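Below: one structure, written as structure tokens.
Values in this document were obtained by computation on a predicted structure and should not be read as measured data.
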Amino acid sequence: MNRDAVGHDRRRNAAVRTAAVALAARLAELTGIAPRITDEPHAVRIEVDVTDAALRRWTELLAILERGTDYGVTNVPSGQVAWMRIESPRRGPRP
């Protein structure tokens with residue numbers, strides 16, 4: 001991979017991370033708690049506990065989650081966790 005391609009990939013990854021931070025801020029406003037942001041290979045994952053405040057604004061929560069490449073709600077012992085992944089655009093075919 002040449003240096004231009006590496007620089008382009010870094011810019012794309014930075015753009016995805018910036019988008020993830022902005023979406024996490026919106027989720028924090030909606031739920032009243034700070035989401036967890038995790039870097040994954042070629043993606044960023046955001047998780048947030050589903051609070052009563054989020055349930056009252058379910059349509060808004062879904063609108064935010066739909067901005068992700070993948071999203072869902074998982075049952076956990078303490079309640080529910082809403083999550084989304086934002087993938088970095090990649091060059092070439094997927095493995």
Q. So Leu61 and Leu27, side chain to side chain contact (heavy atoms under 4.5 Å, CB included) or not? Walk me through it.
A. CA-CA 7 Å; Leu61 175 65; Leu27 288 170; 3.5 Å; yes
(Q) Using the rule given for side chain to side chain contact (heavy atoms under 4.5 Å, CB included), can you reason through Ile46 versus Tyr71, listing the C-alpha separation, both sets of side-chain angles and the distance that settles it, and then say yes or no? (A) CA-CA 9 Å; Ile46 304 169; Tyr71 65 93; over 6 Å; no
Q: Output, in order, the C-alpha distance, side-chain angles, deciding distance and verdict of side chain to side chain contact (heavy atoms under 4.5 Å, CB included) for Val16 and His42.
A: CA-CA 9 Å; Val16 168; His42 306 291; over 6 Å; no
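Taking all atoms of both residues into account, the shortest heavy-atom contact from Arg85 to Pro41 is NH2-O, 4.5 Å. Nearest heavy-atom pair across Ala28 and Ala34 is CB-CA, 4.5 Å. Between Ala20 and Val44, the shortest heavy-atom contact is CB-CG1, 3.5 Å. In this structure, Glu29 and Arg57 approach most closely via the heavy-atom pair O-NH1, 4.3 Å. The two residues Leu23 and Met84 make their nearest non-hydrogen contact at CD1-CE, 3.6 Å.
With respect to Val81, the side chain to side chain contact (heavy atoms under 4.5 Å, CB included) criterion is satisfied by exactly one of Asp49, Val48, Val73, Asn75: Asp49.
Placement of Ile86 and Ile37 within a single hydrophobic cluster is found when ILVMFWY residues are connected by side-chain heavy-atom separations under 4.5 Å, directly or transitively. Residues Trp83 and Val21 fall into different hydrophobic clusters, defined by Ile, Leu, Val, Met, Phe, Trp and Tyr side chains chained together at heavy-atom separations under 4.5 Å.
The environment of CZ in Arg45 is crowded: more than 12 heavy-atom neighbours from other residues, nucleotides or ligands sit within 6.0 Å. Residue Arg26 qualifies as open at atom CZ: its count of foreign heavy atoms under 6.0 Å is 12 or below.
Between Arg17 and Asp39, some side-chain heavy-atom pair lies under the 4.5 Å cut-off.
Side-chain atoms of Thr51 come within 3.5 Å of backbone atoms of Thr31 as a donor-acceptor pair (strictly under, hydrogens ignored).
Atoms CG and CG, from Leu55 and Leu30 in turn, are 9.5 Å apart once rounded to the nearest 0.5 Å.
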